[in-house]
Amino acid sequence: MLYRETGQFKRNYAADQQLFPIFQDKILLGVILTVALAVIPFVINDYWSKAILLPFMVYSFIALGLNILVGYCGQISLGTGGFMAVGAYSSYKLCTAFPEMNLVFVILLSGGCTAAVGVLFGLPSLRIKGFYLAVATLAAQFFLIWMFNKVPWFYNYEMSQITAPPREMFGFLVSGPQASPTAQYLFVLGFLIVFTWIALNLVRGRIGRSWMSIRDMDIAAELLGIKPLKTKLSAFAVSSFYIGIGGALIFHIWLGTVEATEAFDILQSFFVLFAIIIGGLGSVLGAYLGAAFMALMPVGLKVVLVDGAGMAVDTAKHIEIMLVGSLIIFFLIKEPHGLARMWQITKEKLRLWPFPY
Amino acid sequence: MAYEYPDPSVYDTLPKLLRFNAERHPTEVALREKDYGVWTEFTWADYQERVRNLALAMHEAGLRKGDVFAIIGDNNVDWICAELAAQSVGAMTIGFYRDVLEDEIAYLAGYSQAKMAYAEDQEQVDKFLALGDRADSIEKIIYSDQRGMRKFDDPRIVSFNDLVTRGAEIHAKSPELYDQLVDAVTGEDVAILCTTSGTTSNPKLAELPHGNFVRHTQLYLKHDPKDSTDEYVSVLPMPWIMEQVYTLGFGLNSRMKVSFPENEETAMQDMREIGPTFLLLAPRVLEQIAADMRARVMDAGPLTQWIFEKGVALGTEAVEQGSRSWLADTMLFGALRDRLGFSNVRSAATGGAAMGPETFKLFLAMGVPLKQLYGQTELLGAYTLQDGKEIDVDTVGVPFEGCEVKIIDADTDGVGEIVTRHPNMFRGFYKNAEATKADMKDGWMHTGDAGFFDDKGRLTVIDRVKDIAQTRTGTKFSPQYIENKLKFSPYIGEAVILGAGQDYLTAIICVRFSIVSKWAEKARIPFTSYTNLSDRPEIYELIRGEIAHVNESLPETQKIRKFLLLYKELDADDGELTRTRKVRRSVIAERYGPIIEALYGDGDRAEMNSEVTFEDGRKGNIQASMKIMEVDGAAAPALKKAG
Amino acid sequence: MEFLHALLIQPFADMVMEPAFFIETLVKGLMAGVLYSLVALGFVLIFKASGVFNFAQGVMALFAALTLTGLMELLEPSGMPKALIVILAIAATIVVMILLALIIERLVLRPLVNQELIILFMATLGLSYVLEGAGDLLWGSDVKVLDIGLPTDVWDINGVFIEQLDVTAAIAAGSLVAVLAVFFTKTRIGRALRAVADDHQAALSVGISLQQIWVIVWSVAGIVALVAGIMWGSKSGVQFSLSLIALKALPVLILGGFTSIPGAIIGGLIIGVGEKIVEVFWYSVHGGAVENWFAFMLALVFLMFRPQGLFGDKIIERV
Amino acid sequence: MAEAQTLESGESAAPSGYADTRTIGGPILSVENIVVKFGGVTAINDVSFDVREGEIRAIIGPNGAGKSSMLNVLNGFYKPRSGKINFAGQSFPAMDPYFAASNGIARTFQNIALFRGMSTLDNLMTGRMLKMKRNFFWQCLYFGPAQKEELENRAHVERVIDFLEIAALRRTPVGRLPYGLQKRVELGRALAMDPKILLLDEPMAGMNVEEKEDMSRFIIDVNEEFGTTVILIEHDMGVVMDLSDRVVVLDYGSKIADGTPDEVRANQDVIDAYLGVSHD
């Protein structure tokens with residue numbers, strides 16, 4: 001309906017392969033970025049930051065990472081929580097061992113640590129697939145959480161609960177209890193924008209195609225010269241890198257204090273997996289939509305059921321769990337590619353309207 | 001806006017115009033071609049360089065002034081460069097339609113003694129090679145698509161790119177040569193030998209001199225101005241006079257940008273990407289677009305359908321009052337234009353056949369300012385054009401300034417043969433003085449079309465003179481004219497009007513299955529097949545209404561009295577239609593004799609039970625029974641006597 | 001040095017020095033293994049008949065146990081004898097599990113027929129959330145004590161303490177396997193179920209529709225889940241962690257092979273014994289709670305060498 | 001042998017000006033005494049043959065004769081029990097898939113093995129995987145060398161698209177294409193690899209006459225234009241006899257004949273084993 005594409009033609013492959021080839025999409029993206037960068041920072045408050053925007057953004061980040069592994073490369077993982085913990089604990093260790101190190105580097109390095117751990121646990125993917133692999137990744141989940149809980153070195157021989165020390169960026173506190181919501185929001189947003197762009201670049205290029213070819217038909221991929229192990233491990237590495245950064249952001253920015261068995265338990269793994277199923281497997285946009293859905297639905301339900309209808313918090317929680325489960329089934333039946341595909345179909349319809357095809 | 005076109009007395013040949021543009025506007029984009037998925041652009045300098053190099057190489061290979069150069073292939077930059085290059089050295093070019101049969105090439109190439117040929121790819125090169133001795137005049141065959149060429153070892157075959165490279169070397173050695181060659185050609189020299197559609201005999205070649213071509217296209221441009229901001233997408237057959245006028249004439253005179261789509265399948269999409277500002281579409285194509293549009297909207301949701309109906313109604317209403325509906329444009333036509341790629345269209349032409357008023361209005365309402373035009377190859381294409389001031393479905397407008405058109409042998413209604421002359425018309429048929437004499441009498445070109453002028457001086461074209469038929473009572477009528485009117489109904493796919501030598505007119509109708517089947521589904525009418533659908537009384541009633549509607553606009557003596565719905569669609573594969581979907585009356589008369597007899601008999605059913613032999617030698621036994629229905633709108637014979 | 005001693009020498013020394021304690025640990029491990037096996041059995045049933053990897057099997061056990069305790073609480077005020085209440089409640093729970101199978105077949109499996117198995121797997125993940133939420137919503141989420149009158153005494157056999165509940169569980173598991181074996185080999189439906197695992201067409205030719213087969217299989221799996229739920233619930237109360245513990249059935253399957261009933265039993269026993277012994281005798285090395293991950297790590301290592309499991313069919317890929 | 005007529009190219013009847021300009025070289029690939037077993041079943045039993053550079057070589061035989069297994073041996077998916085494969089100047093007991101791919105062996109599959117989640121263009125781009133070397137860092141940025149490489153390979157793939165006349169399908173997800181076009185896209189993916197040797201596993205299975213003609217034309221063009229050696233398994237005898245220079249006939253895993261189409265056609269063993277039963 002709104003799309004007008006007559007007269008938009010491409011003179012070279014660079015123009016043809018750009019991320020947003022349609023002019024109207026560029027405008028939409030521009031509007032979103034303007035709101036995110038120039039409007040929200042001025043109106044944000046503590047509630048919006050901690051309850052809505054930060055969870056949405058960090059889970060988008062993590063979902064992006066998991067979607068690379070599950071959605072693009074077709075390797076199921078239930079170890080997300082464990083990898084988030086690796087990110088959080090390695091950033092804690094780095095941060096306390098090198099207090100002078102800039103927080104950005106700390107977080108990037110902890111992403112690197114997570115990538116290494118991810119590769120290690122990705123090794124079985126050479127021999128096993130599907131739910132066998134899911135079970136193997138559960139080992140990562142349970143082992144890693146146990147390790148962070150049991151090995152005192154990881155929490156500097158203090159309490160098993162770790163707390164983020166205050167750190168500054170450009171003179172503004174971004175971690176610790178004194179940090180302003182605006183600074184924290186912008187810090188996470190910066191990570192999100194840069195790494196979303198990188199993810200988009202990866203999935204549209206050679207590496208992304210090698211992941212997808214392994215996902216769609218690994219035998220054919222192998223005979224095209226794609227090395228299955230290398231490809232799968234690269235997906236594990238990139239995915240874990242993102243998840244690790246996400247874990248570090250949860251620890252430093254969003255929560256400030258975490259305990260491995262609580263903050264990163266297996267339910268986190270399910271949570272993120274559900275986010276990408278609902279959002280859309282194999283879609284960068286899907287990671288955002290799924291994270292938005294999973295992070296914001298409880299907030300919405302609480303407002304409606306508890307604050308509005310006066311229901312007990314417990315009951316509302318149970319309803320939420322059921323709703324999530326039902327939606328997973330619903331999406332798998334009706335639209336296995338999730339919200340992102342629904343958006344794509346809508347967009348396609350808008351582009352064709354008034355014609356249905 | 002008064003846009004200055006190059007002075008035709010100085011720049012009197014096409015290559016001179018090209019050189020002029022390349023000197024004045026070297027970096028401006030002249031041409032675009034979609035290759036390998038993206039649009040490659042050619043500036044005027046690129047264009048000129050390519051033509052120059054090619055011309056020099058052709059000249060070296062022996063092409064001289066007065067030689068004939070044959071071209072066959074898809075519309076693309078190589079085609080027009082080859083054409084202009086040949087014209088640069090003074091050769092005359094003949095374009096062949098790409099699906100032309102070997103025999104026709106043999107005839108034309110042999111008859112014209114073509115010296116060189118451009119054949120785009122292996123398939124087309126094959127056609128020339130297969131001629132063997134029948135085209136022994138051809139000394140070089142230039143190809144541009146490398147694919148499949150390896151298996152040829154004929155020494156005459158050379159590659160386009162090799163020639164361009166060779167031409168560049170020649171140019172480096174003798175930089176003045178090209179200019180000398182171009183300057184040696186004048187406006188009096190023949191540029192194009194344009195094939196005229198010979199439906200019965202072999203095609204003829206109309207000689208179109210450079211000067212005439214340049215001047216006539218400038219005359220046309222005066223009535224429909226273009227400039228370098230205009231975009232044109234070349235999808236019509238390149239050998240056709242109008243495509244030559246637009247791509248070369250308009251392109252070189254007004255610097256309108258010309259774009260060539262990737263291939264036939266992607267043509268519509270490619271056209272949309274470019275967004276042309278000017279287009280020419282045959283009425284048949286427009287009707288097809290309108291029908292497709294409606295059919296697709298029928299599959300959309302109820303809200304969309306409602307918006308569509310409302311939008312069309314609002315838009316049409318506004319158009320009838322001489323304006324555009326802002327509301328309809330916002331809610332519907334803006335999107336519709338975009339989907340079809342017509343968003344940027346500033347002027348649009350159609351012609352060659354009659355057109356349905358609904359379709360015509362629909363495109364006007366959509367913001368596509370359609371104007372009908374009329375012309376012939378011999379007269380350098382169009383020479384009449386509507387002024388677009390009012391909705392005018394019937395006429396083709398008034399003649400261009402300096403073009404004289406008159407009706408001869410007119411009957412009482414003023415209908416007679418259209419004859420025309422203008423200073424820039426063709427010079428005669430190449431090597432065929434006899435044919436020239438037959439068509440040109442006292443300097444007037446006899447078009448063979450029947451038509452008349454209305455009181456505003458606008459020309460209306462009815463049919464070919466020889467296709468005008470007569471009933472037993474002496475009424476003249478044009479079957480095609482009435483058939484076209486019938487076919488404006490969305491429910492009628494094909495129609496055959498009968499009545500020559502009979503007392504009154506009847507019709508054989510083929511329903512338009514795509515639309516009627518949807519209509520039947522909505523009306524909950526069960527059917528199993530085309531035949532079954534055509535036999536339903538509800539459908540008969542539907543079509544009867546449509547015919548009665550058409551009858552209202554026809555003179556009393558030309559009204560359709562009876563009709564039947566044929567059990568099958570007329571098919572070009574069965575020889576019932578020409579490839580351009582014109583009815584083959586002789587085939588119909590022969591094959592459906594019993595039906596026609598029944599239509600003029602007393603019964604209310606027509607039976608078919610006969611063995612027929614199709615064109616390809618298949619034999620089939622046809623057994624069918626069809627109802628015959630009277631159209632109430634037509635007066636019964638008894639009433640007529642009484643009246 | 002000290003570490004190596006704790007890793008390689010001390011545990012074995014302990015085993016030899018305290019044989020009674022060792023045997024007791026062994027038996028405890030075996031009994032835990034039996035319970036893992038019970039959950040794993042449900043997985044195998046469904047996997048064998050439909051290729052679906054039912055992640056919700058553990059939650060089904062939780063759901064069954066919750067339903068059972070809930071029903072018993074409802075019936076308690078009626079003053080009926082305890083045994084009758086238990087029998088009625090169990091019967092009602094069985095009905096609920098069959099109904100559940102019907103609902104799952106209709107709402108989840110049927111719409112997803114012909115989908116990739118990985119999609120079905122993820123659907124069962126969703127299903128586990130629905131069941132968990134529904135169970136909590138219906139019966140509340142507090143920890144419940146499940147007492148259906150199973151013996152809870154401890155036998156002391158020459159200093160080796162053995163809980164009677166564990167023995168009951170073993171007997172229950174054993175009889176369940178026996179019943180299932182009879183069901184699969186002696187009944188028409190059972191044979192059809194086996195056929196369906198190999199070839200859907202073959203099963204259809206027996207005259208049973210795929211839908212029916214699914215309902216039957218999920219019902220049987222539901223009943224198996226109930227037995228597992230009763231055993232676990234009687235031992236450690238009915239609570240959410242039950243569904244997580246049930247996840248251990250997954251490594252059990254990897255060891256035993258997804259299609260083998262004996263495999264499920266033996267895999268369960270190996271894991272039960274293994275994790276208990278490592279937990280107890282290597283405590284000084286790891287500091288406890290290895291039960292959380294031991295099974296999974298074992299499975300992971302195992303997968304590297306024998307992906308099809310001890311008793312599973314060999315997976316052959318064809319181009 | 002009625003099928004043979006459907007693909008009669010008629011080229012032999014053409015006038016002068018045509019020539020077979022192909023140059024058939026020496027053996028580029030050969031197998032010696034290959035044995036393949038699955039469990040107790042022998043799929044290929046002691047088969048030897050060679051393939052010359054630039055020729056179209058067909059492997060035919062009844063169902064279950066071991067044709068597909070032979071292709072799987074050639075590109076390294078199956079490891080033979082015994083025998084050896086000579087290729088690229090070396091001799092191997094078994095081919096390594098990566099080695100095969102990186103040394104120019106491409107293939108298509110009997111049951112289309114396209115990447116269903118990707119567009120036609122992306123499927124073809126996967127064929128360029130080995131030609132793309134830019135490291136991970138540049139890939140992340142999609143900038144400079146990585147973009148340049150991507151666009152160069154896109155340009156290459158576009159030539160394949162043009163060659164196979166699938167320009168209209170560029171952005172269509174392959175899952176939505178009709179069967180015949182999927183086969184064509186799969187051929188395109190193999191061609192995008194710039195293969196020296198093209199293994200085609202029943203390229204015309206399930207096609208109608210027109211699609212078969214198109215596919216035959218493409219195979220001939222690939223062979224003639226690029227000098228690509230083609231090894232072909234095909235059921236349609238007419239196609240095989242028309243296209244191929246030499247034919248190997250397998251029956252129950254053993255080679256029963258090897259020679260030109262005419263020789264094979266005249267071979268009594270072949271007639272008994274295959275031609276006799278093919279007319280069902």
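Chain naming here is simple, since letters A, B, ... match the order of the sequence lines and numbering starts at 1 in each. What you see is a predicted model; the values in this text were computed from it and never measured.
- Residue Gln8(A) touches chain B through its backbone alone, counting heavy-atom pairs closer than 4.5 Å.
- With a 4.5 angstrom heavy-atom cutoff, Asp16(A) touches chain B only via side-chain atoms.
- Seen from the ring of Phe355(A), Arg296(B) counts as a face-on cation partner, given the 6.0 Å and 45° thresholds.
- For Arg32(B), the part lying near chain A is the side chain, with the backbone staying farther off; criterion is any non-hydrogen pair under 4.5 Å.
- There is a side-chain donor-acceptor pair under 3.5 Å between Thr229(B) and Arg346(B).
- Salt bridge present: Lys226(B) and Asp224(B) bring a charged side-chain N and a carboxylate O closer than 4.0 Å.
- Contact of Met293(B) with chain A is made through backbone and side chain together, with heavy-atom distances under 4.5 Å.
- Ring-plane geometry between Phe191(A) and Phe195(A) is classed as parallel, the angle between the planes falling under 30 degrees on a 0 to 90 degree scale with a further cut at 60.
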